[in-house]
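Please read the structure below before turning to the comments.
First listed ligand is number 1; within each ligand, the first listed atom is number 1. Heads up: numbering here begins at 1 and tracks the sequence.
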Amino acid sequence: MNKKTIDQVDVKGKRVLVRVDFNVPLDEGKVADDTRIRESLPTIKKIIAAGGKCILMSHLGRPKGKRAMEFSLNPAAQRLSELINQPVLMAPDCVGDEVERVVNQLKSSQVVMLENLRFHPEEEKNDPAFSEQLAKLGDIYVNDAFGSAHRAHASTEGVTKFLKIAVAGYLMKKELDYLGQALANPARPFVAVLGGSKISGKIDVIENLLDKVDAILIGGGMAYTFFKSMGEEIGNSIVELDKVDLAHSLIKRAATGKTKLVLPSDSRVAEELKAGVKTEIRSNRELRENDTAGDIGPAAEKEYAEIIRKAKTIVWNGPMGVFEIAEFAHGTKAVAEALVEATKAGAVSVVGGGDSAAAIKKFSMEDKVSHVSTGGGASLEFLEGKALPGVVALNDV
Ligand code: ADP
Ligand code: MG
C-alpha cells in the first residue's frame, strides 16, 4: 500500500481524530452486532498504548441531517468501553464549542466518541466549513473506515484539506492490502466468483475483471440476464431486460479475451422463491415457463468448487442464490466451502459485498477465508477499479 499508516506517525500526547465505521445495527438501544467496533480495536488500542488522545467519529444509520437520538452513537460508545475496558466519553455533538472543550480537556490515552456525523447535513455534502470544524478537533487524522472510503464526505475527505497529517488505520490498511494485492499482483490462477440479484450492480466489476482474472464464475440472479441474451428460456427468473444487450457483449468480449466467463450449467428452480417450496434441478437449456431460478444447481456447484479449489487467488462478490431461504442456500454454501478449502491449501481468498459477508458469517466460515471485507459498497468500487476518495486523500508514503 502506498499510503502512510498510523505506524508512521508519533501520536504521543497528540489529539488523534479517527474516522471509524461504527454504523452498527441497534436493537432496543443496544448494539446488536459489534463486528464493526471490534474491527477497529487494533487502531484504537494502538493510540491508547502510544499515549495519544483518541477522538472517534462515525455515522450511524440515516438521520438525514437531523438530530435524531435513535441514531445516537452512545450505544456504540458503551460497547467500545466494555471491549477496551476503560471509559469512553460521549460528546454531545461532533462539532462546536462544547465538543472542542471536551476534546481539549482529554488526557493521554483517553477516548471520546463524537456524536453522529450525519446529524449535520454538511457531512454528506462535504461542506468545507464543517470539515474545518472537524479538523479543529485533531492534530492527526486517521481513517479506519474503509466502508465509507468510497464517499467523499467531510469526515472522510474534506477534513484532510485542513489536517495535513492524514494516515490509514490498521483496518483500512488490511482492507487495502488484501483487495489491492489481489488485483495488482495476484497469484494465479486468479478466479472471481460473482453473484447477487442483479447484473446492473456488477457490470463495472465484470468489465474491470475481464482480462485481469483467469475465470469469472457467474451465479445468482444475474446469470439469467446472460441466459436471456443467449436466447434461452428463463421462465420467471429475475432478469434485467435493459441489460440483455450488455450481457451479450460481455459474453462476446470474454470469448475473444483470455478470461473464461462461466455460467452455471444447471439451476435449482421452484414455482416461487419462498421457504418450504418444492425445488427441482434443471440444466440451463431446460428451464420452463413457470420456473423461477433461486440457486445454481449441483453440477454448477461441483464445477465451480473444482475451479475454486485449484485457484491461488479468489475474489468472491455476490451470493449464488437466494441464500436467505434454506432451499436456495446450497450453492452459496458450496462456494463458501470451496473458498475455505482453497484457503487451507494456500490460496488468498477475499470476500466482498454486504450480503456475501452475511452469507459466510451465516455458515460460520468467516474465519476460514483470508479476508472478509467490512465495506460492501467500497469493496465493490475497489473491484471496479475506481479510486476511493477517502483513500486518495491520505498521505502518500
Ligand atoms: P452483495 O451484497 O454480496 O454484493 P448483492 O447485493 O449483489 O450481493 O446480492 C444479494 C442478493 O441477491 C441476496 O439478497 C440474494 O437473495 C439475491 N439473489 C441471489 N440469487 C438470486 C436469484 N436467483 N434470484 C433473485 N435474487 C437472488
Ligand atoms: Mg447487497
Side-chain angles (χ1 to χ4, degrees), residues 23 25 35 146-147 150 175 179 192-206 208-209 216-228 232-241 243 247 263-275 277 279-282 284 287-288 290-298 300-301 304 314-336 339 349-363 365-366 369 371-384 386:
N23 183 25
T35 309
F146 176 76
H150 57 313
E175 293 273 7
L179 290 164
V193 188
L194 298 178
S197 53
K198 290 181 181 172
I199 190 174
S200 51
K202 309 275 159 100
I203 289 163
D204 294 341
V205 178
I206 300 175
N208 187 43
L209 293 182
I216 298 181
L217 312 180
I218 301 280
M222 71 157 100
Y224 304 92
T225 299
F226 282 104
F227 286 132
K228 184 83 183 170
E232 304 285 356
E233 173 68 67
I234 58 165
N236 297 320
S237 307
I238 189 168
V239 65
E240 288 168 281
L241 293 174
K243 295 291 179 289
L263 292 168
S265 54
D266 59 354
S267 301
R268 186 174 296 273
V269 306
E271 268 192 13
E272 252 185 289
L273 303 185
K274 61 172 189 189
V277 289
T279 69
E280 283 180 85
I281 305 302
R282 303 256 195 267
N284 61 16
L287 259 74
R288 300 172 196 172
N290 289 325
D291 288 342
T292 306
D295 198 3
I296 58 173
E301 277 176 18
Y304 287 8
I314 308 128
V315 171
W316 177 27
N317 182 292
M320 297 291 96
V322 184
F323 74 98
E324 298 92 337
I325 303 171
E327 281 79 1
F328 305 102
H330 206 267
T332 304
K333 194 166 184 200
V335 160
L339 243 75
S349 55
V350 181
V351 182
D355 291 288
S356 316
I360 199 140
K361 274 189 199 153
K362 189 172 176 175
F363 307 139
M365 296 182 200
E366 74 267 35
V369 294
H371 180 62
V372 180
S373 178
T374 53
S379 63
L380 206 59
E381 291 201 17
F382 196 96
L383 295 176
E384 287 169 358
K386 291 188 185 140

* Asked: Taking atom CD1 of Ile238 and atom OG1 of Thr225, what is their separation to the nearest 0.5 Å?
  ->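 Going from the CD1 atom of Ile238 to the OG1 atom of Thr225 covers 7.5 Å.
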
* Near ligand 1, which protein residues have a heavy atom under 4.0 Å away? ->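 Contacting ligand 1 under 4.0 Å are Gly196, Ser197, Lys202, Gly220, Gly221, Ile238, Ala293, Gly294, Asn317, Gly318, Pro319, Gly321, Val322, Glu324, Gly353, Gly354, Asp355, Ser356.
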
Flag the pair [X] / [Y] as yes when at least one side-chain heavy-atom distance between them is below 4.5 Å, and no otherwise.
{"X": "His330", "Y": "Lys333", "answer": "no"}
{"X": "Leu380", "Y": "His150", "answer": "no"}
{"X": "Ile218", "Y": "Ile206", "answer": "yes"}
{"X": "Lys361", "Y": "Thr35", "answer": "yes"}

Sub-3.5 Å donor-acceptor pair from the side chain of [X] to the main-chain atoms of [Y], do we have one?
{"X": "Asp295", "Y": "Arg268", "result": "no"}
{"X": "Glu175", "Y": "Thr374", "result": "yes"}
{"X": "Asp266", "Y": "Ala300", "result": "yes"}

* Do Thr279 and Glu327 get their side chains close enough for a donor-acceptor pair, meaning under 3.5 Å? ->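 Absent: no donor and acceptor within the cut-off.
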
* Take the Mg ion (ligand 2) and tell me which protein N, O or S atoms are nearer than 2.8 Å. =>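 Protein N, O or S atoms closer than 2.8 Å to the Mg ion (ligand 2): Asp355 OD2.
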
